[in-house]
Visitor: 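Got a structure here, written out as structure tokens. Questions coming.
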Amino acid sequence: MHETIHYRLATVLVSQPGDAVTPAHLARQIALVASRRDRAAFAALFAHFAPRVKSYMLRLGASAPQAEDLTQETMLAVWRKAERFDPALAGAATWVFTIARNLRIDALRRERPTADLAEIAEAASDAPEADGLIETAQSEGGLRAALAALPDELATLLRLSFFEDHAHGDISARLGMPLGTVKSKLRRALLRLRVALEDQR
Amino acid sequence: MTARHHPSDETLLFHASGNLDEAHRVVIATHLAGCPACRAAVRLAECVGGDVLDRLEGTELAAGALAACLARLDAPAPVPVHLAPPPGMPASLAGYRIGPMRRPVRGLGIATILPPASRRAGLYLLEVAPGMSMPAHGHGGLELTAILRGAFEDAEGVYRPGDLAETGEADDHTPVALAGETCVCLFSVSGKLRFQSWLARLVQPLFGI
Ligand SMILES: [Zn+2]
């Protein structure tokens, strides 16, 4: 079981964070796209995010052409929605992640027009965050430090949950762990993540 | 109105990761609209998603992908479609059609919103008269109930509008609608349903399982 997890760890975490592009730098590029439709800033965002978004789509089972399309759509949405990016609410990577996730959901949805669930949730979320954990998580290195404080197994499960279907126990099947165990470990991982973020404040 | 019953942390995580079935997603979204605490939990999970994305090793795009994208930047954005929910229903049901309300027995109404499919959860609108028990349990899968009107009670306590009941494979409880208003809920379930005794034979065909 542990071997499986470490194998998966290797495939999920191949690239180490950082590679010279800081989150603050990426957030500035989004602000430049928003304020003056800056194509050079957009190209920088494309260079950083598009290959990652393509990997994300591929890992979730998209074919290469689908992954390519969804990546184009994601980056186009980055351009169009840049004004709505609020660095106080989400870091650049988190914001791009939510766009990519929503576009993938739309693409998979049964053929029927429906409203954008994320926008409905957004519209209802004027109230300020009560606990301030999000700010800590989005502060430079805050979330990374909190994730690093988790035992490897929990951090890995947490990351894997972004690539596996919930309803059918894919993670559980893949790791040979009962679904109940996976759930309780995920619950513990989230709890410890919160504690680690609180400790930073 | 502060909700007293919430989805589990791991269900909120799967909601944030985009890996919940559509039926479950709609029920969770119904709860999120009225629950800042759960919205914060989803946001935190989305931060993890950002970290996951950032750490992925990139896959090279097709030749000319950037140029193709740049060429599309000035095209007009698609006009967003404004879809209204069915009358009296929450915003999370915008664009959805509620099937005909069927009444297999006195005091119980069931309307299908999303029929179940082989690997997909079903989504239903339930109307349960005071004193009636809820008709079904999903066993072997996630089951979510968002209360829209009225109230019901089970071993965990009383559920009112805004609350969300999450039950899993291990639960075997019998929620009962409380006196007063008819209890109206959104109900999503994956896996096979198991109905209670005599109700089973009446209701089973309606759920299409
Ligand atoms: Zn809640």
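Every chain is numbered from 1 and lettered A, B, ... according to where its sequence line falls, protein lines coming before strand lines. We use all heavy atoms of the structure for the numbers below, so side chains are in, but hydrogens, waters and symmetry mates are not.
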Visitor: Side chain, backbone, both or neither: which part of Val53(A) has a non-hydrogen atom closer than 4.5 Å to chain B?
Guide: both
Visitor: To the nearest 0.5 Å, how far apart are CG in Leu191(A) and CG in Leu186(A)?
Guide: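 Answer rounded to 0.5 Å: 12.5 Å.
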Visitor: What part of Ala37(B) is in contact with chain A, defined as an atom under 4.5 angstrom from a non-hydrogen atom: side chain, backbone, both or neither?
Guide: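 Contact with chain A involves no heavy atom of Ala37(B) at all.
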Visitor: Charged N to carboxylate O under 4.0 angstrom, Arg59(A) versus Glu57(B)?
Guide: no
Visitor: Could you work out, with ring pair (Phe, Tyr, Trp, His ring centres under 6.0 Å) as the rule, every residue matching Phe46(A), not counting sequence neighbours?
Guide: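 Scan of Phe46(A) (ring pair (Phe, Tyr, Trp, His ring centres under 6.0 Å), adjacent residues dropped) gives none.
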Visitor: Top residue by heavy-atom pair count (under 4.5 Å) with chain A, among Ala45(B), Ser8(B), Ala16(B), Pro90(B)?
Guide: Ala16(B)
Visitor: To check you understand the geometry: which heavy-atom pair defines the closest contact between Asp163(B) and Arg4(B), and what is its length?
Guide: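 Answer, listing the atom of Asp163(B) first, then Arg4(B): OD1-N, 2.6 Å.
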Visitor: Quick check on the structure: residues of residues 64-72 of chain A within a heavy-atom distance below 4.5 Å of chain B, by number.
Guide: Glu68(A), Thr71(A), Gln72(A)
Visitor: Please state whether the side chain, the backbone, both or neither of Arg37(A) comes within less than 4.5 Å of a heavy atom of chain B.
Guide: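 It is neither, since no heavy atom gets under 4.5 Å.
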Visitor: For residues 47-80 of chain B, which residue pairs qualify under ring-ring contact (aromatic ring centres under 6.0 Å, His included), counting only residues two or more places apart or in two chains?
Guide: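 Sorted result for residues 47-80 of chain B: empty, none.
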Visitor: Side chain, backbone, both or neither: which part of Ala50(A) has a non-hydrogen atom closer than 4.5 Å to chain B?
Guide: both
Visitor: Counting heavy-atom pairs under 4.5 Å to chain A, which of Gly18(B), Cys47(B), Ala68(B) comes out on top?
Guide: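 Winner by heavy-atom pair count: Cys47(B).
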Visitor: Hey, what do you get for NE2 (His15(B)) to CD (Glu46(B)), rounding to the nearest 0.5 Å?
Guide: 7.5 Å
Visitor: Which residue in the set Thr145(B), Ile147(B), Val27(B) passes side chain to side chain contact (heavy atoms under 4.5 Å, CB included) when paired with Leu164(B)?
Guide: Val27(B)
Visitor: What residue in Met75(A), Lys54(A), Glu73(A) has the most heavy-atom pairs under 4.5 Å with chain B?
Guide: Lys54(A)
Visitor: With under 30° as parallel and over 60° as perpendicular, where do the rings of Tyr159(B) and His5(B) fit, or are they tilted in between?
Guide: parallel
Visitor: Output side-chain donor-acceptor pairs under 3.5 Å for residues 73-89 of chain B, partner residues at least two apart or in another chain, one line each.
Guide:
from: Asp74(B); atom 1: OD1; to: Arg39(A); atom 2: NH2; distance (Å): 3.0
from: Asp74(B); atom 1: OD2; to: Arg39(A); atom 2: NH2; distance (Å): 2.5

